[in-house]
**Q** 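Have a look at this one.
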Amino acid sequence: MKKISQMTPLTSRRQLLLSGLALALLATRSTSARAEPRVTRPHTSRTKPSTPGKKIVMIDPGHGGIDSGAVGHGGSEEKHVVLEIANHIRQQLSTHPHIEVRLTRESDHFIPLGERVEIAHQHGADLFMSVHADGYTSPSANGASVFALSNRGASSTMARYLSQRENAADRVGGVQAADKDRYLQQVLFDLVQTDTIKNSLILGQHLLGQIRPVHHLHSQHTEQAAFAVLKSPSIPSVLVETSFITNPAEEKLLGTTAFRQKIAGAIADGIVSFFDRDETTRRTG
C-alpha cells in the first residue's frame, strides 16, 4: 500500500462555495423528501463527524436488497460481491491515519440511487466511489472500467448501456424516476459541476493507473455517462466496474478472496495517489 502525505486543513474559498452550494441544493428539496415514502432498511449513523485532518472516502457497494444487480452464469450476485470488495477497500485503507472510509451500506439492503449521493453529502465526503461488477449482453465482455459523470452524452456504447442499466436500479425498488435527476433540476448545478467532473476524471486516471498492473482493463481511459449515482454537485465521484460478472472466467475470479483483495488494493492505492496529487497541488498552487 502506498503512504499518504500529511494533509493540511487548508480549504480554499472556492471549495467553501462548492460545499455551500451543494448543501443548498440538498436543503432545497428536504421538505418534499419527507413526504415521499422511504425504503425500509437497517439504521445506520449518517452524520458521524470526521476526525480533523482526515479525508472522508464514501464507498458505495452497488445494488442491494431487492436489487441483486447483475447475476453471473454460475449464480453469483453482484450485490454480494461488491459489498465484499468494498469491505476490503476499507480494510486496505484503515492503516492510513489521514483517510477514513465509510460505506453507504454495510448489509444487504436497498438504497435509492439519489439517496446514496445524499449519504455522501451528509458525511461530508471528500470522494465518492460506487463499486460494481456489472453484466453485459455478451459473456465475452471483460475487464475493469472506471466511469465519471457526463452531462453531454455517453463516451461509448458500453458506457451508455451500463449507465442505463445502473440507472434502472431505482425502478426495481419502486422509486419514482423523477426523483433521480433532482440535482440536474437545480439552477446552480452547472456552476459547480464542471470542476467536479474534472476532478472525477483525474481520480479515474489514478485508479486506472493502479488497476492496470493487476487486472485487464476494458477501457484504457475514464469513460463518461449520465450515471445517476455520480450526480453530486461538489464531490469527485466515480463508478468502478471491477469486472464483468457475466463473463464466466471473471465470475470465478470475483468469487475468490485473493482477487477481491487484489482489486481492492489497487483501488485503495488509486485513492491514495489521488489525494497525494491533490495535496501537492494545494501546496504548490
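Computation of the quantities below employed the complete heavy-atom set of this structure, encompassing side-chain atoms and omitting hydrogens, waters and symmetry-equivalent molecules. Quick note: residue numbers are just sequence positions, from 1.
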**Q** Where do Ser243 and Glu250 come nearest, in terms of heavy atoms and distance?
**A** CB-OE1, 3.2 Å
**Q** Step by step, work out the side chain to side chain donor-acceptor pair (under 3.5 Å) result for His123 and Arg102.
**A** CA-CA 9 Å; His123 280 270; Arg102 300 175 186 177; 2.7 Å; yes
**Q** Same cluster or not: Val81 versus Val71, using hydrophobic residues (I, L, V, M, F, W, Y) connected whenever any side-chain heavy atoms lie under 4.5 Å apart?
**A** no
**Q** Start with the C-alpha gap between Leu239 and His132, add the side-chain angles, then the distance that decides, and say whether side chain to side chain contact (heavy atoms under 4.5 Å, CB included) holds.
**A** CA-CA 7 Å; Leu239 184 147; His132 292 259; 3.5 Å; yes
**Q** Would you check if the side chain of Ser273 reaches a backbone N or O of Asp269 as a donor-acceptor pair within less than 3.5 Å?
**A** no
**Q** Quick one: do Val131 and Val214 end up in the same hydrophobic cluster if we chain Ile, Leu, Val, Met, Phe, Trp and Tyr together by side-chain heavy atoms under 4.5 Å apart?
**A**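 Hydrophobic grouping puts Val131 apart from Val214.
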**Q** State whether the side chain of Glu78 and the backbone N or O of Ile245 hold a donor-acceptor pair below 3.5 Å, judged by distance alone.
**A**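 Absent.
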**Q** Do side-chain atoms of Thr246 reach the backbone of Tyr136 as a donor and acceptor pair under 3.5 angstrom?
**A** yes
**Q** For Glu241 and Asp134, indicate whether the former's side chain and the latter's backbone hold a donor-acceptor pair under 3.5 Å.
**A** yes
**Q** What's the verdict on side chain to side chain contact (heavy atoms under 4.5 Å, CB included) for His215 and Leu253, showing C-alpha distance, side-chain angles and the deciding distance?
**A** CA-CA 11 Å; His215 189 48; Leu253 270 181; 4.1 Å; yes
**Q** How far apart are the closest heavy atoms of Phe128 and Val229, and which atoms are they?
**A** CE2-O, 3.3 Å
**Q** Ignoring hydrogens, what is the shortest heavy-atom contact between Ala144 and Ile211? Give both atom names and the distance.
**A** CB-CG2, 4.0 Å
**Q** Sub-3.5 Å donor-acceptor pair from the side chain of Ser200 to the main-chain atoms of Ser237, do we have one?
**A** yes
**Q** Would you confirm whether Asp67, through its side chain, and His63, through its main-chain N or O, come within 3.5 Å as a donor-acceptor pair?
**A**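 Checking the backbone N and O of His63 against the side chain of Asp67, no donor-acceptor pair under 3.5 Å is found.
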**Q** Minimum heavy-atom separation for Leu230 to Ala148, with atom names?
**A**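 Scanning both residues completely, I find the closest heavy atoms to be CD1-C, 3.7 Å.
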**Q** Is it the case that the side chain of Gln92 and the backbone of Ala264 share a donor-acceptor pair, with hydrogens and angles ignored and the cut-off at 3.5 Å?
**A**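 Pair absent, no side-chain N/O of Gln92 close to backbone of Ala264.
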**Q** Any idea which heavy atoms bring Phe259 and Thr242 closest together, and the distance?
**A**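 That would be CZ-O, 4.3 Å.
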**Q** Honestly curious: do Ile202 and Leu127 fall in one hydrophobic cluster under the side-chain, below-4.5 Å linking rule?
**A** yes
**Q** Do His218 and Phe244 make the cut of ring centroids closer than 6.0 angstrom?
**A**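 Ring centroids of His218 and Phe244 are less than 6.0 Å from each other.
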**Q** Applying side chain to side chain donor-acceptor pair (under 3.5 Å) to Gln205 and His221, what does each step give before you reach the verdict?
**A** CA-CA 7 Å; Gln205 292 173 0; His221 63 275; over 6 Å; no
**Q** Return yes if some donor-acceptor pair links the side-chain N/O of Asp170 with the main-chain N/O of Leu113 below 3.5 Å, else return no.
**A** yes
**Q** For a quick test of reading the model, state the closest non-hydrogen atom pair linking Arg105 to Leu83 and the distance between them.
**A**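 Reported closest heavy-atom pair: O-CD1, 3.6 Å.
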**Q** Could you go step by step and tell me if Gln122 and Met58 meet the side chain to side chain contact (heavy atoms under 4.5 Å, CB included) rule?
**A** CA-CA 11 Å; Gln122 289 166 4; Met58 184 61 65; over 6 Å; no
**Q** To the nearest 0.5 Å, how far apart are CD1 in Ile271 and CG in Leu93?
**A**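 Nearest 0.5 Å value for the CD1-CG distance: 5.5 Å.
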**Q** Output, in order, the C-alpha distance, side-chain angles, deciding distance and verdict of side chain to side chain contact (heavy atoms under 4.5 Å, CB included) for Asp60 and Val117.
**A** CA-CA 9 Å; Asp60 172 47; Val117 182; over 6 Å; no
